[in-house]
Amino acid sequence: MYLGIDFGTSGARGVVIDSFGSILAEVRYPFEMSLESDLIKCWRNALFSLLEQLSKGLRGEITRIAINGTSSTVLLCDAAGNPVDAPLLYNDARGAGMREQLKNVAPPNHTVLSATSSLVKLLWMMQLPSVSKAKYFLHQADWLGFLLHGKLGVSDYHNALKLGYDVEALQYPEWLNRLQLSIQLPEVVIPGSSVGELRSDIAGKYNFPKNCVVCAGTTDSIAAFIASGASSTGEAVTSLGSTLVLKLLSRTRVDNSQYGIYSHRFGNLWLTGGASNTGGAVLKQFFSNEELENFSQEIDLNESSGLDYYPLLEAGERFPINDPNLLPKLEPRPDNSVEFLHGLLESMSRIEAKGYKLLQEFGADKLQKVYTAGGGAKNQVWSEIRKRYLGVNVVSSSNTEAAYGSALLAMNGLNREQCQKPGFSKKPGF
Ligand SMILES: Nc1ncnc2c1ncn2[C@@H]1O[C@H](COP(=O)(O)OP(=O)(O)O)[C@@H](O)[C@H]1O
Ligand SMILES: O=C(CO)[C@H](O)[C@H](O)COP(=O)(O)O
């Protein structure tokens, strides 16, 4: 059996599957933390709570584990793996000012030149007093994996993309080496490949098999893509979680940091896309999940809301407008909650459609179909609105949970029909 663990924005989730991909258990740990300083404690508690929530018998059958985190959520650790400061989350733009110095060394429009890239975050963190105690720079999924396998400094080429790792040459580029960073960058391996056995003390305490393997992870939106069942070029997955993340499977790589566009290597295909700061977290600011469910049902789909918002929690957008100073636009706000929600869903749908349009204009394969993942996937009214703006079919994913995708990654690695060009012969790990 295989355990997939998803660390999203609003919580962590675990899914156990058998070798047929059938779900045997699902566990959750909602994040209630209030302060950023609680992040590390929250993540550690969440990870071991998910393990504890699984039955002892089921834990005894799990042979491989994979973890996805939120992309470009990063932290500095000391030689023992203890974080030396608070992590920076995926949409933290405090490193934006480091782009000027990077422009002199990184290729034009490289994804590291985005205001929220892992590399600008690292350069910003190198200025902190705590850096003197730091030895490793890790992504969230790397550090969570370390808690289980005990190996520090190992990442995957999905999480390492925004650090500047060259996912075609499968090495750090020369221009990055020239930065002469005094911190150890993680060794980068194939997502889903074996990193090491589960620590013996953890295997003993939780009754996991002694040879249970912890794999290299991925990011939450790629795990959601794997979960969706999308497999042909032109098929896409929109993650409607706290944020709005687009992934369009393409034969062509597309990168342009001016618009927040980047491509993840997916076997020998590319997941072209971008991540917007709009999404469910903005909806959550105004509506409970129950209100979202009930008010959505009252939306009259025969009428447009006539409202044009740019829904953001605070200033700053990553894609399809890459501007750390872009202000939210949430006025005029109607007194009627259903009308307000209608305007928000239409506006987010326009942003999604603009994102896919940009990807295709820059050379990605023509959009054929959109699967949906995340908390918003259950909203059929939103799907109907999105379909009108996207102009293609919007279908439900075979599974909308990123944790299911990570479980599939643990089971199959990336050697799946999803990530091979038609006629491509299967090669071990790529
Ligand atoms: N019926 C709904 N319609 C639209 N959005 C919803 C609905 N129910 C929940 N959501 C949104 O889903 C989001 C959580 O989705 P999830 O995939 O768990 O996010 P994440 O993984 O980013 O934490 C919340 O921000 C919430 O607003
Ligand atoms: O916004 C996010 C939070 O859920 C995503 O984690 C992230 O930005 C998506 O990045 P990637 O395309 O590298 O998976």
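Start at 1 and go down the list; that is how both ligands and their atoms are numbered.
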For a ring pair (Phe, Tyr, Trp, His ring centres under 6.0 Å) check, start with the C-alpha distance between Tyr371 and Phe225, then their side-chain angles and the critical distance, and finish with the verdict.
CA-CA 8 Å; Tyr371 294 82; Phe225 183 91; 8.0 Å; no
Evaluate the side-chain contact (heavy atoms from CB on, under 4.5 Å) criterion for residues Leu54 and Val27: first the C-alpha distance (whole Å), next the side-chain angles of each, then the deciding distance (0.1 Å), finally the verdict.
CA-CA 7 Å; Leu54 298 171; Val27 288; 3.9 Å; yes
For side chain to side chain donor-acceptor pair (under 3.5 Å), just list the numbers for Thr219 and His158, CA-CA rounded to whole Å, side-chain angles, deciding distance to a tenth of an Å, and then say yes or no.
CA-CA 6 Å; Thr219 70; His158 290 156; 5.8 Å; no
Is there a salt bridge (charged side-chain N to carboxylate O under 4.0 Å, His left out) between Asp323 and Arg318? Walk through the geometry before answering.
CA-CA 6 Å; Asp323 177 356; Arg318 300 177 286 168; over 6 Å; no
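Both the backbone and the side chain of Thr70 come within contact range of ligand 2, each with a heavy atom under 4.0 Å.
By the neighbour-count criterion of 12 heavy atoms within 6.0 Å, atom NZ of Lys366 is sparsely surrounded, having that number or fewer from other residues, nucleotides or ligands. Around CD of Glu314, the count of heavy atoms belonging to other residues, nucleotides or ligands within 6.0 Å does not exceed 12.
Listed by number with element, the atoms of ligand 2 under 4.0 angstrom from any heavy atom of Lys247 are 11 (P), 12 (O). Atoms of ligand 2 lying under 4.0 Å from at least one heavy atom of Asp220, given by number and element, are 3 (C), 4 (O), 5 (C), 6 (O). For ligand 2, the atoms sitting less than 4.0 Å from at least one non-hydrogen atom of Tyr262 are 9 (C), 10 (O), 11 (P), 12 (O), 13 (O), numbered in the order shown with element in parentheses. Close approach of ligand 2 to Arg318 (heavy-atom distance below 4.0 Å) involves ligand atoms 1 (O), 2 (C), 8 (O). Atoms of ligand 2 found under 4.0 Å from any heavy atom of Thr243, numbered from 1 in the order shown, are 1 (O), 2 (C), 3 (C), 4 (O). Listed by atom number, the atoms of ligand 2 under 4.0 Å from Ala275 heavy atoms are 1 (O), 8 (O), 9 (C). Taking every non-hydrogen atom of His264 and a distance limit under 4.0 Å, the qualifying atoms of ligand 2 come out as 11 (P), 12 (O), 13 (O).
Between Thr111 and Asp255, the side chains place no donor N or O within less than 3.5 Å of an acceptor N or O (distance only, hydrogens not considered). A donor-acceptor contact under 3.5 angstrom links the side chains of Trp382 and Ser349, judged on distance only.
Geometrically, Arg59 does not engage Tyr206 in a cation-pi contact defined by less than 6.0 Å to the ring centre and at most 45° from the axis.
With Lys162 as the fixed residue, the side chain to side chain donor-acceptor pair (under 3.5 Å) test singles out one of Ser117, Ser72, Ser71: Ser71.
Within 4.0 Å of ligand 1, protein heavy atoms come from Gly8, Thr9, Ser10, Arg13, Gly241, Ser242, Gly280, Ala281, Leu283, Lys284, Asn289, Leu292, Glu293, Gly374, Gly375, Gly376, Lys378, Asn379, Trp382.
Below 3.5 Å of separation, one finds no N or O of Tyr90 facing any N or O of ligand 2.
For atom 13 (O) of ligand 2, the nearest non-hydrogen atom from the set Gly274, Ser10, Ser71 comes from Ser71.
Ligand 2 lies out of reach of His158, whose nearest heavy atom is not under 4.0 Å from it.
Rounding to the nearest 0.5 Å gives a distance of 9.0 Å between CG of Leu240 and CG of Leu283.
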